[in-house]
Peer 1: 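Starting off with a structure, shown below.
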Amino acid sequence: MRSTGKLHLGNYVGALDNWVRMQDQYECFFFVADWHALTTDYADTSKLKQNSIDVLLDWLAAGLDPERCVMFIQSHVPAHAELHLLLSMITPLGWLERVPTYKEQRENIQEKDLGTYGFLGYPVLQSADILIYKGDFVPVGEDQVAHVELTREIARRFNLFYGKRNQIFPEPQALLTPAAKLPGTDGRKMSKSYGNTIMLTDPEQVVRQKLKTMVTDPARVRRTDPGNPDVCPVGDLHKVFSDRPTILKVDEGCRSAGIGCIECKGWAADALVSILNPMQERRKKYEDNPRLAWDILEAGSSRASKVAGATMDEVRDAMGMSLDYKLDH
Ligand code: SF4
């Protein structure tokens, strides 16, 4: 996850809650991608470190547990950069120019100059991030599947050139995160750039206030007009966060105009607050003692560095750059 600063409910539902479950099913490496943040936000790095720490605090708040997974900041494991350099030597330019997000972001993001070497190459950096741990699976949304495919192609090419009869890098598989539809307060996709987020750190009164102003099914102009929770962003929130009886109550009450939107939004706020409260308590423990969080990062980067270091020994050996004194490899 990029160093975006504090996370919102969309980040939680789209990725983080899935990661929390995954830490018991797999040996997981999660890192805050500060170098990836630089590929688009290189001009001002004054908030970079704080943003990385805020992401980590939200991970801990959501339930990632340093006893059950490895958490670190990307730049604290410089081996990622060495592998990125080596992979960049064998990656044809055409492969990168074809990545769908490359064209799309260059066209859509006008306020920054993305005509940089780093931005074109960021999928190679992602490949290095994955391959350095010989990852079998990468949890991604639909929009990132092309990047995992590129990683597989790069792994194949590397193995072909340098693997001799050995396969140095396994080809990772995308582990698709089921995309839950999470609208922001204005009904569009929840995103910081739209200013429509509910943050994991929002206090109860802020959550309730944001819900109050959230858009609803436009068909319900008057209290007596029936609505449809399937076309209402608040209805979507219920489907993700509320229990079954509440969802049924909303469905019935909305369609029959038996309930009002204010009441309905109050129930949605209740559901959110009951999820956010325990997170905010966990976060507070680390906010009160930031050293604790930093210790987790240090322990995480040291565990990650060991695994990454072993891979890099193999890579250097395979490419004829072993650190041992021997002429053959
Ligand atoms: S009752 Fe609830 S689901 Fe129906 S329109 Fe109002 S806020 Fe949306």
Side-chain angles (χ1 to χ4, degrees), residues 1 4-21 54 58-59 61-63 108 139-143 176-284:
M1 206 178 267
T4 48
K6 292 180 177 174
L7 303 179
H8 55 72
L9 273 175
N11 304 125
Y12 177 72
V13 170
L16 195 46
D17 66 337
N18 189 40
W19 293 9
V20 172
R21 283 191 296 276
D54 273 327
D58 279 340
W59 287 358
N108 291 342
V140 288
E142 196 74 60
D143 57 330
L176 260 189
T177 308
K181 190 181 161 203
L182 199 77
T185 48
D186 61 357
R188 291 186 291 176
K189 184 179 182 231
M190 191 178 285
S191 161
K192 266 192 186 165
S193 49
Y194 294 151
N196 63 359
T197 57
I198 298 170
M199 306 303 288
L200 300 188
T201 39
D202 277 346
E204 177 166 348
Q205 66 274 24
V206 174
V207 173
R208 292 194 183 279
Q209 189 51 42
K210 284 185 176 174
L211 259 288
K212 263 188 201 143
T213 55
M214 187 155 177
V215 300
T216 57
D217 176 0
R220 294 208 73 182
V221 181
R222 283 176 302 267
R223 169 70 176 75
T224 46
D225 294 331
N228 177 359
D230 294 336
V231 298
C232 172
V234 181
D236 290 329
L237 283 190
H238 277 296
K239 285 183 199 108
V240 178
F241 297 105
S242 291
D243 54 22
R244 194 86 204 120
T246 310
I247 295 172
L248 292 175
K249 198 163 62 172
V250 167
D251 199 78
E252 209 280 313
C254 179
R255 289 175 201 276
S256 63
I259 57 169
C261 290
I262 295 174
E263 198 177 7
C264 178
K265 287 173 162 186
W267 298 333
D270 293 343
L272 293 188
V273 167
S274 72
I275 287 168
L276 295 180
N277 263 349
M279 288 194 203
Q280 293 174 2
E281 270 166 40
R282 269 196 295 266
R283 197 182 208 275
K284 189 165 185 318

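Counting starts at 1 for both ligands and their atoms, in listed order. As a basis for the values below, the full set of heavy atoms in this structure was taken, side chains included, without hydrogen atoms, waters or symmetry mates. In this chain, residues are counted from 1 in sequence order. Please read all numbers here as calculations on a predicted model, not as lab measurements.
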Peer 1: Starting from atom 6 (Fe) of ligand 1, find the nearest protein heavy-atom neighbour and note its residue, name and distance.
Peer 2: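 Nearest protein contact, heavy atoms only, for atom 6 (Fe) of ligand 1 is C261 SG, 2.3 Å.
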Peer 1: Quick check: does C254 have an N/O/S atom under 2.8 Å of atom 4 (Fe) of ligand 1?
Peer 2: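 Yes.
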Peer 1: Less than 4.0 angstrom from a charged side-chain N to a carboxylate O is my criterion; do D54 and R283 meet it?
Peer 2: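 Salt bridge: yes.
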Peer 1: Considering non-hydrogen atoms of the protein only, which is the closest contact for atom 1 (S) of ligand 1, and what is the distance?
Peer 2: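 The protein heavy atom lying closest is R220 NH1, 3.2 Å.
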Peer 1: Just which atoms of ligand 1 are under 4.0 Å from any heavy atom in D217?
Peer 2: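 With D217 as reference, the close atoms of ligand 1 come out as 5 (S).
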Peer 1: Look at D202 together with K6 and state whether they make a salt bridge at an N to O cut-off of under 4.0 Å.
Peer 2: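 No, this pair does not count.
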Peer 1: Find out whether L16 and W59 are in side-chain contact, i.e. whether some heavy atom of one side chain is under 4.5 Å from a heavy atom of the other.
Peer 2: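 Yes; the side chains approach each other to less than 4.5 Å.
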Peer 1: Can you pull out the closest protein heavy atom to atom 2 (Fe) of ligand 1? Residue, atom name and distance to 0.1 Å, please.
Peer 2: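 In this structure, atom 2 (Fe) of ligand 1 has C264 SG, 2.3 Å as its nearest protein heavy atom.
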Peer 1: Heavy atom under 4.0 Å from ligand 1: found in V234's side chain, backbone, both, or neither?
Peer 2: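 Just the side chain.
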Peer 1: Mind running side chain to side chain contact (heavy atoms under 4.5 Å, CB included) on L276 and L9 for me, showing each step along the way?
Peer 2: CA-CA 9 Å; L276 295 180; L9 273 175; 4.1 Å; yes
Peer 1: Determine whether the side chain, the backbone, both or neither of C232 has a heavy atom under 4.0 Å from any heavy atom of ligand 1.
Peer 2: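 Under 4.0 Å from ligand 1, C232 contributes side-chain atoms alone.
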Peer 1: Do the side chains of R255 and N228 get nearer than 4.5 Å, heavy atoms only?
Peer 2: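 They are in side-chain contact.
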Peer 1: Ignoring hydrogens and angles, tell me if any N or O in the side chain of H238 forms a donor-acceptor pair with the backbone of D251 under 3.5 Å.
Peer 2: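 Judged by distance alone, no pair lies under 3.5 Å.
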